[in-house]
Every structure is written in C-alpha cells, then in structure tokens.
> 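Have a look at this one before I ask anything.
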Amino acid sequence: MQQLVLDMGLPTGPSLDNFCAGPNAAALAHLKLWLGDGANSLRSPVPIYLWGGSGCGKTHLLKSLCAALQEQGAQVGWLDANTHSPAEFDERWAAVLMDDVHAFNAGQQQAAFNWFVNAQTRPIAVIAAGSLPPADLKLRDDLRSRLGWGHVFALQTLSDTERRAVLRQAAEARGILLSDEVVDFMLTRFSRDLGSLMELLNLMDGYALQTQRAITIPLIKTMMDNS
C-alpha cells in the first residue's frame, strides 16, 4: 500500500518557483538573477554561500538551481556530504554546487578546494550551503575563506503562519481544501520542516485519491496505520 500511495502522490521536485521565500526573499531573488533565463545567460562568477538551520530551504535552492541548469542543457558539478568519491573537476561545468559543507570530511574538503580553485580560473560560480556562517565552519582555512568572500545569505526557517500559508497554497494547487484541524494536526504530529510537510501532503493527496475520501484527521491516521 505504501508504494501505491507514493506512486499516486509523486512530488514535482524542487524549483525556484515553488520555493516559499518568506523571510528569504533576498536570497531567492539573487539566485533567480544569477540563473538568468537561458543557457546563454551571463552568470556572475562571484561565489554564493547560503547558511541556516535544518528546514530553512538550503538544499531545496541548490537542487532547484541544479535542475534548472540541467534543463538548459548545462552540466553541473555537485558535491555533498554523502559524496564518497568526488569526481575530478570538469571544465564543461556551468557551475559548482556544494551542499552540507559543514559536514565535509578531509577528502571532501580537498575536492571542494580543488573545485573552487579550478572554478575561479575559468571563471564559473561556486554556490554552496551549510549550517553555519563561513567564519564558524570547522573546515580548512583556505576553503573556509573562499566560501565567505562572495555573497553570503543567512536563511531563516518559516514561521508557523508562513508554514500554514504554504500548506494551504500547495493544497489549493491540487484542488484540496485543508481544514484548520488538519493543518494543526500536521504541524503538531509530524516533522515541521517544510520538505517533510510537503512530502506528507503528497502522501495524503495520493491516499485520498486512492480511497475516494476527503482529507481528514481520521483519514491521515488510517493512512499512517496502513503504511
């Protein structure tokens, strides 16, 4: 049943358009300006660093840029804390994207520094994200200093009011009406980060379609019992 629910409620994937900016409007506007509107856009090579706690949207923004660049036919270098064997730098890359830099081990830091140096000589932009401001990162000095010399944006998590607005907007786009009770239940019984809430909404939508029922608290409980 879990597989059926997932199949019926597949997420559309992160994009700059479905990112709820809230207090992070300046960062979103800067990334949209940097991306431009096509493969021939002249993109600034000045590095960009995004930092903030869990659930503030760092990974969403990086994956959105990656997807947008690939849709334009560009190749992208991607490195995160789960990349165990980083690739060699490729001069055909249109950008270098690095996620969770605060968690990089020694080998990943070496690869990140190498990518950074090569990117600067092309020049192409490095866009990175971590949980801490550049000065507080427990990384090698040469990498930490490079992450902090460009544009730095501190991202904030959404307030409860903003989370509610995002949930309702996403639900309305699917033709779903979420009652206040359902929204309260989602925010108090499940992980409050926006990515998890959107995944929950996907599952609820799929299960409601499967069972031909409206989304209510009993339906959510039944869905979780059967998953």
Side-chain angles (χ1 to χ4, degrees), residues 1-25 27-28 31 50-67 78 80-83 97-104 128-133 136 153-211 213-227:
M1 180 171 293
Q2 178 71 6
Q3 184 62 48
L4 180 58
V5 172
L6 287 170
D7 288 345
M8 295 182 71
L10 288 173
T12 58
S15 72
L16 295 181
D17 289 334
N18 65 23
F19 179 74
C20 179
N24 305 311
L28 178 62
L31 293 176
L50 312 171
W51 71 273
S54 176
C56 68
K58 305 183 299 294
T59 298
H60 181 116
L61 289 172
L62 286 185
K63 288 185 175 181
S64 298
L65 288 176
C66 184
W78 178 275
D80 61 34
N82 294 317
T83 306
L97 306 179
M98 302 180 186
D99 197 16
D100 291 334
V101 297
H102 60 277
F104 280 9
S131 65
L132 299 168
D136 295 339
F153 294 93
L155 302 185
Q156 302 175 43
T157 55
L158 299 182
S159 67
D160 278 353
T161 298
E162 290 165 333
R163 285 191 182 95
R164 289 174 181 274
V166 172
L167 284 173
R168 292 189 186 282
Q169 181 180 11
E172 288 174 2
R174 295 170 173 265
I176 300 170
L177 176 63
L178 293 182
S179 68
D180 291 338
E181 291 77 13
V182 166
V183 175
D184 289 341
F185 187 79
M186 294 173 68
L187 291 173
T188 56
R189 300 296 184 91
F190 299 92
S191 175
R192 297 167 64 85
D193 73 272
L194 200 55
S196 296
L197 289 171
M198 289 298 102
E199 182 179 356
L200 176 60
L201 181 60
N202 287 327
L203 292 174
M204 289 161 45
D205 183 25
Y207 192 74
L209 288 172
Q210 175 193 343
T211 58
R213 294 166 57 191
I215 294 180
T216 60
I217 292 176
L219 176 131
I220 299 172
K221 290 180 177 179
T222 302
M223 179 188 77
M224 300 310 297
D225 289 340
N226 291 333
S227 63

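Quick note: residue numbers are just sequence positions, from 1.
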> Assess whether side-chain contact (heavy atoms from CB on, under 4.5 Å) is satisfied between Tyr207 and Asn226, documenting all intermediate values.
CA-CA 10 Å; Tyr207 192 74; Asn226 291 333; 3.2 Å; yes
> Tell me whether Asn24 contacts the main-chain N or O of Gln156 through its side chain, where contact means a donor paired with an acceptor under 3.5 Å.
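Such a contact is found between Asn24 side chain and Gln156 backbone.
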> Do Val182 and Met204 have side chains that get closer than 4.5 Å, going by heavy atoms?
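Side chain of Val182 against side chain of Met204, heavy atoms only: contact under 4.5 Å found.
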> Can you list everything that forms a side-chain contact (heavy atoms from CB on, under 4.5 Å) with Asp184? Sequence neighbours excluded, please.
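For Asp184 the side-chain contact (heavy atoms from CB on, under 4.5 Å) partners, ignoring immediate neighbours, are Arg164.
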> Does a side-chain heavy-atom distance below 4.5 Å link Leu50 with Leu31?
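SC-SC contact between Leu50 and Leu31 confirmed.
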> In Å, rounded to the nearest 0.5 Å, how long is the span from NE2 of His102 to CG of Asp99?
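Here the rounded value is 8.5 Å.
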> Please determine whether the number of non-hydrogen atoms from other residues, nucleotides or ligands lying under 6.0 Å from atom CZ of Arg213 exceeds 12.
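It does: Arg213 CZ has more than 12 such atoms within range.
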> If you apply the rule side-chain contact (heavy atoms from CB on, under 4.5 Å), what do you find for Met198 with Leu167, and how did you get there?
CA-CA 7 Å; Met198 289 298 102; Leu167 284 173; 3.4 Å; yes
> Can you measure from CH2 (Trp78) to NZ (Lys63) and round to the nearest 0.5 angstrom?
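Going from CH2 on Trp78 over to NZ on Lys63, the span is 6.0 Å.
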> Over 60° means perpendicular and under 30° means parallel, so classify the ring planes of Phe185 and Phe190, tilted if in between.
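Phe190 vs Phe185 ring planes: perpendicular.
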> Is there a side-chain contact between Leu219 and Lys221 in this structure, where contact means two heavy atoms from C-beta onward sitting under 4.5 Å apart?
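A side-chain contact is absent here, since even the closest heavy-atom pair is not under 4.5 Å.
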> Suppose we screen for side-chain contact (heavy atoms from CB on, under 4.5 Å). Which residues come up paired with Asn82, at least two apart in sequence or across chains?
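Partners of Asn82 by the side-chain contact (heavy atoms from CB on, under 4.5 Å) criterion, ordered by chain and then number, come out as Asp80.
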